[in-house]
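Both counts, for ligands and for their atoms, begin at 1 and track the order of listing. Computed from a predicted structure; not experimentally measured. Nothing fancy with the numbering, it's 1 onward along the sequence.
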Amino acid sequence: MAFVYFLSSTVCAAKARWRFNMEKKPILAGVIGSPAAHSLSPLIHTIWAHRAQIDGYYVPIEVPASYDEFSRAMDALKTIGFAGVNVTIPHKENALRYSDKSSDLAPRVGAANMLTFTDDGSYAENSDVTGFEKAVKSAAPDLSTKGACLVLGAGGASRAIIVALQNLGADNIFITNRTEEKAAALAEKFGLKAVSWAQRKGAVESAELIVNTTSLGMSGQPPLELDGAKIKSGAVVADIVYTPLETPFLKLARDAGNPGVNGLTMLMHQAAPGFRAWFGGAAEVDEALRAALVGELERRR
Ligand code: ATR
């Protein structure tokens with residue numbers, strides 16, 4: 001009996017020591033993409049880790065665009081002891097496919113931007129959805145989604161925005177896209193109304209919440225041509241782009257006195273759940289963080 005007690009207490013002590021040592025190892029996380037090097041996520045996580053005095057590294061990892069490459073890379077990161085990763089273009093669908101378990105949100109979007117590695121495997125989440133919700137609420141705390149909401153674009157980013165709008169209570173969502181079949185497909189999948197690309201100006205003018213998920217307005221791309229469209233007074237305008245910080249479309253809205261949300265606000269909010277899950281610290285989205293990111297974007301120009 002005494003031996004059993006000795007053995008179990010020794011094992012417990014060893015386990016505790018092992019845990020203690022493990023806890024002393026730096027926490028590892030990163031962002032997987034192709035490309036990955038341009039990502040601002042390492043800076044965001046490094047700032048939060050520094051603030052919370054957490055010993056950890058968050059690194060960009062370039063993985064070629066195939067499921068096999070993605071899956072091999074995830075197996076390796078799990079073995080090394082990574083706590084989790086953010087996942088960006090072109091791997092968000094791969095992340096969901098690779099995961100053993102997921103939140104409800106990720107399959108609704110059909111993609112995940114977070115994978116958390118646990119003893120039981122990997123868990124997929126989509127914080128693009130919650131990041132967008134938080135970003136919009138930060139710009140318009142009294143936001144009403146009772147009126148029409150308009151989503152411009154039907155690519156990968158637009159699915160997360162649609163799910164977020166539905167979570168915010170919107171049930172009158174219009175979608176428009178240059179390639180109209182893609183808008184029709186998302187309209188069918190999510191129960192939205194499709195508007196032809198030629199009629200987007202009219203749709204913009206009647207919407208209470210407008211989100212540009214196309215790449216139009218991004219540096220080096222043409223602007224989102226709306227030929228003098230008027231945005232409803234008080235309507236909230238969001239643009240997922242953050243280079244430039246203020247796209248011509250956002251400027252149109254802000255000049256008219258409408259609340260605007262840029263892609264940087266969404267980026268900071270989507271990063272927070274990953275930091276909390278992997279590094280276990282507070283992830284405040286505040287002006288100091290924004291200023292650091294704006295400084296970095298200016299440095300890169
Ligand atoms: P993401 O994953 O960031 O959404 P994506 O899947 O490549 O990227 O989608 C890009 C979006 O921008 C699409 O809605 C695309 O329209 P198409 O489906 O017609 O390609 C839109 N887009 C890109 N360039 C455009 C342009 N010059 N005019 C209109 N829409 C454009």
Side-chain angles (χ1 to χ4, degrees), residues 31-36 38-41 62-67 70 86-97 105-114 124 126-129 131-132 135 149-166 173-190 192-204 207 210-227 229 237-245 247-250 252 261-267 269-271:
V31 55
I32 312 298
S34 183
H38 71 294
S39 172
L40 287 175
S41 297
E62 173 107 16
V63 174
S66 80
Y67 179 73
F70 180 80
N86 281 118
V87 180
T88 187
I89 294 166
H91 288 300
K92 290 187 183 186
E93 278 104 350
N94 289 340
L96 181 59
R97 178 174 162 195
L105 279 182
R108 265 175 75 198
V109 176
N113 73 322
M114 268 179 74
N126 194 311
S127 69
D128 288 333
V129 174
F132 176 76
C149 298
L150 174 68
V151 177
L152 296 138
S158 99
R159 296 199 309 260
I161 301 293
I162 291 164
V163 171
L165 291 176
Q166 291 181 328
I173 303 175
F174 291 80
I175 182 163
T176 185
N177 191 53
R178 175 181 62 177
T179 308
E180 292 181 359
E181 304 84 73
K182 282 162 73 179
L186 288 193
E188 164 93 21
K189 178 173 163 61
F190 290 101
L192 323 175
K193 292 160 204 138
V195 179
S196 76
W197 187 240
Q199 308 218 303
R200 65 192 184 282
K201 182 179 164 223
V204 160
I210 306 160
V211 192
N212 175 37
T213 74
T214 74
S215 44
L216 295 172
M218 195 185 278
S219 306
Q221 298 284 325
L224 180 62
E225 288 295 351
L226 283 164
D227 301 328
V237 174
D239 201 320
I240 64 164
V241 169
Y242 59 79
T243 50
L245 281 174
T247 59
F249 182 52
L250 260 190
L252 181 79
V261 185
N262 65 23
L264 200 59
T265 310
M266 293 181 217
L267 181 78
H269 283 290
Q270 70 75 34

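For ligand 1, none of its N or O atoms has an N or O atom of Q221 under 3.5 Å away. For ligand 1, the polar-atom distance check against A157 finds a nitrogen or oxygen pair separated by under 3.5 Å. Here's the thing with S158: none of its N/O atoms is less than 3.5 angstrom from an N/O atom of ligand 1. When only interatomic distances are considered, the shortest N/O to N/O separation between R178 and ligand 1 falls below 3.5 Å.
With ligand atoms numbered from 1 in the order given, ligand 1 contributes 1 (P), 2 (O), 4 (O), 6 (O) to contacts under 4.0 Å with heavy atoms of G156. Atom numbering of ligand 1 starts at 1 in the shown order; those under 4.0 Å from a heavy atom of G153 are 14 (O). Applying the 4.0 Å criterion to heavy atoms of W197 picks out, from ligand 1, the atoms 29 (C). Taking every non-hydrogen atom of K182 and a distance limit under 4.0 Å, the qualifying atoms of ligand 1 come out as 17 (P), 18 (O), 20 (O).
Proximity of atom 27 (N) of ligand 1 to the protein is indicated by at least one non-hydrogen atom lying closer than 4.0 angstrom.
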Practice problem: Please report the C-alpha distance between D239 and T247 in whole Å, then the side-chain angles of each, then the deciding distance to 0.1 Å, and finally whether the side-chain hydrogen bond (donor to acceptor under 3.5 Å, both in side chains) criterion is met. | Solution: CA-CA 8 Å; D239 201 320; T247 59; 2.8 Å; yes
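Within the model, atoms CG of L192 and CD of Q166 stand 6.0 Å from one another, a figure rounded to the nearest 0.5 Å.
Selection from I161, N177, L186 by nearest heavy atom to atom 13 (C) of ligand 1 gives N177. The nearest non-hydrogen atom to atom 17 (P) of ligand 1, considering only T179, L152, V151, comes from T179.
The side-chain contact (heavy atoms from CB on, under 4.5 Å) test with N113 singles out one residue from I32, D128, L96, and that residue is D128.
With a heavy-atom cut-off of 4.0 Å, I240 does not touch ligand 1 at all. Counting heavy atoms under 4.0 Å from ligand 1, residue A154 touches it through the backbone alone. Heavy atoms of T214 found under 4.0 angstrom from ligand 1 belong to the backbone as well as the side chain.
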